[in-house]
Amino acid sequence: MLNIVIFGAPGSGKGTQSARIVEKYGLTHISTGDVLRAEMKKGSELGIIAKQYIDQGQLIPDDLMIHILGEVLDKAANPQGVIFDGFPRTIPQAEALKTLLAERGQEVAVMLDLEVPEELLMTRLINRGKESGRADDNEETIQKRLQVYHTQSAPLIDWYKKEGKHRLIKGYGELEQIAADLFEAIDHS
Ligand code: AMP
């Protein structure tokens with residue numbers, strides 16, 4: 001059982017590289033952003049609530065997000081393991097994930113931290129917005145999301161360092177090289 005957290009600022013390539021990892025290790029991909037966008041598309045009650053936060057570049061409150069994650073995790077039973085993309089984003093979420101996995105006799109093997117310079121994140125996200133049409137990929141919301149990343153999510157780096165699970169990966173340059181570095185970190189976790 002291999003449970004991985006892929007971490008990094010918005011635009012750091014978590015989604016792109018998760019796909020490579022899923023292909024190689026047969027993991028289930030859980031992207032909380034994708035889960036929320038699917039709910040928004042359905043127009044469900046959860047989607048309507050989520051939209052208010054996502055459009056502002058803010059995080060969905062921890063208690064709600066943790067509840068959603070628990071439900072998704074139950075449905076995702078995969079003996080190979082899971083890659084968590086976009087979760088945890090706060091320390092309470094990391095603590096909840098630890099508990100949720102421990103209750104299932106599991107743990108996070110490694111936290112892969114994709115490091116990308118700020119100006120590159122900005123360009124990537126603006127370009128993605130043009131292609132994906134994601135409402136939160138506009139300059140104003142991107143600035144907010146980066147700010148939220150620095151204040152609320154970046155403290156997770158130290159949290160996972162204390163757990164002995166943090167691995168810093170250069171998240172720019174050749175896509176193949178990034179994937180190779182990620183695979184090496186996973187194989188040595
Ligand atoms: P993402 O696709 O991971 O960039 O997520 C898009 C948006 O969904 C974020 O800007 C948040 O508003 C919301 N979101 C996704 N994952 C989480 C999470 N773990 N905690 C709180 N909000 C989240």
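Here the structure is a predicted model, which is why all the values come from computation and not from measurement. Counting starts at 1 for both ligands and their atoms, following the listed order.
Between F7 and Y149, the ring planes lie tilted relative to each other; the angle falls in the 30° to 60° range.
Contacts of ligand 1 (protein heavy-atom distance under 4.0 Å) are T32, G33, L36, R37, I54, Q58, L59, I60, M65, G86, F87, R89, Q93, R134, D136, R145.
Salt-bridge check for R145 with D137: passed, with a basic side-chain N closer than 4.0 Å to an acidic carboxylate O.
Checking side-chain atoms of T99 against main-chain N and O of E95 turns up a donor-acceptor pair under 3.5 Å. The main-chain N or O of Q56 is never found under 3.5 Å from a side-chain atom of T141 such that the two would form a donor-acceptor pair. Put simply, the side chain of R20 never gets that close to the backbone of A179: no donor and acceptor are under 3.5 Å apart.
A cation-pi arrangement, defined by a distance under 6.0 Å to the six-membered ring centre and an angle within 45 degrees of its axis, is absent between K51 and Y53.
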